[in-house]
Engineer: 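Starting off with a structure, shown below.
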Amino acid sequence: MTTQITITGEEDKLFACRELEKGNLLFFPTVPFSFPQEEIAFLLEQKQGSSRSRKNVAYKPGLDRITNCETKDLLVQERLKGVLRAYSTRVTSFLTELLSPYAASWRVDYTSFRPFQEKGRKLRVRARNDLLHFDAFPTRPLHGDRILRFFTNINPIEARHWITSDTFSPVAKRYAGNDLPLPKRVDYSWKGKLSRGCLQAVRSLGVKVPMRSPYDHFMLRFHNFLKENQSFQEETPKQHWHFPPGSCWAVFTDQVSHAALSGQYALEQTFLVPVRSLLFPENSPLHVLERLAGGNLVRHS
Ligand SMILES: [Fe+2]
């Protein structure tokens with residue numbers, strides 16, 4: 001089960017990484033870097049639109065672009081991009097110190113602004129945030145890289161309510177090879193090479209086909225399987241977390257099963273951490289699954 005570890009700033013250099021890799025959740029009672037009140041006020045003014053199924057606003061640091069922004073007002077768009085860019089920069093700089101073993105090799109992924117009320121949000125089952133799951137990306141294969149997420153509840157009055165349950169290893173051992181087929185191993189035969197070559201040729205023509213490894217295929221199937229599995233959702237032991245206004249938390253969301261039950265207005269920054277940077281790579285979902293499958297699930301160069 002997951003434990004909440006409150007970070008005070010007095011811990012040794014590897015403490016935070018160690019706790020995250022055990023499947024624990026780092027908790028910060030207040031925002032641990034500057035976050036001007038005027039920026040928070042601007043975010044809280046943003047309206048969520050008529051459809052509750054709309055996507056969160058995403059900021060892509062590598063491209064300095066925002067997507068899913070509802071307003072057509074270019075000035076508001078620019079301001080929103082500037083606020084998300086500043087948040088991304090501050091989180092990255094703070095975590096570069098706190099999680100220094102990861103910082104040299106992680107990829108700073110998207111920043112998201114989540115203006116929707118999670119309670120009662122009407123989404124298709126596989127997109128629902130209020131069902132327990134491990135994160136997996138459908139369009140961007142990770143080949144074993146870890147999903148590390150840092151959240152901030154900017155709602156001035158309402159806590160963000162999460163549940164978590166067992167970590168990846170026991171859940172994968174329960175279902176993989178039983179209710180869900182074991183992941184297929186990397187196919188090194190000429191057929192496997194040919195099929196990868198064909199996919200690469202299609203991609204070189206500009207067709208967006210994700211180059212998924214067996215690891216990515218399994219993680220996606222597992223994400224969907226758990227959300228659709230009523231007995232897992234109802235019977236698995238749960239821990240409840242109420243993240244108060246102004247607090248932050250960080251967690252490996254591919255290792256800790258989680259769901260957001262309620263809360264509105266949060267920010268989130270994702271980092272993709274290579275397995276080679278981990279202190280305990282043997283605990284990573286990739287290595288857990290490779291032990292279960294008895295072989296490689298990503299191609300090792
Ligand atoms: Fe998630």
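Whatever order the structure lists them in is the order used to number ligands and atoms, beginning at 1. Throughout, numbering of the chain's residues begins at 1 and tracks the sequence.
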Engineer: Cut-off 3.5 Å, side chains only: do Gln255 and Thr167 have a donor facing an acceptor?
Structural biologist: no

Engineer: With distance as the sole test, does Thr89 use its side chain to make a donor-acceptor pair with the main-chain N or O of Arg85 at under 3.5 Å?
Structural biologist: yes

Engineer: Do Glu39 and Arg79 sit within salt-bridge range, that is, some charged N less than 4.0 Å from a carboxylate O?
Structural biologist: no

Engineer: Just distance, no hydrogens or angles: give the donor-acceptor pairs under 3.5 Å from side chains in residues 171-184, sequence neighbours left out.
Structural biologist:
residue	atom	partner	partner atom	Å
Lys173	NZ	Ser169	OG	3.3
Arg174	NH2	Asp166	OD2	2.7
Asn178	ND2	Arg174	O	2.9

Engineer: In residues 130-142, what donor-acceptor pairs under 3.5 Å come from side-chain atoms, sequence neighbours left out?
Structural biologist:
residue	atom	partner	partner atom	Å
Asp130	OD1	Arg128	NE	2.9
Asp130	OD2	Arg128	NH2	3.2
His133	ND1	Leu131	O	2.8
His133	ND1	His258	O	3.0
His133	NE2	Asp135	OD1	3.0
His133	NE2	His258	NE2	3.2
Asp135	OD1	His258	NE2	3.2
Asp135	OD2	Arg149	NH1	2.8
Asp135	OD2	Thr253	OG1	2.6
Arg140	NH1	Asp109	OD1	2.6
Arg140	NH1	Asp109	OD2	3.2
Arg140	NH2	Asp109	OD2	3.2

Engineer: Just to verify, what does Arg291 make a salt bridge (charged side-chain N to carboxylate O under 4.0 Å, His left out) with, not counting sequence neighbours?
Structural biologist: none

Engineer: Excluding waters, which protein N, O or S atoms are within less than 2.8 Å of the Fe ion (ligand 1)?
Structural biologist: His133 NE2, Asp135 OD1, His258 NE2

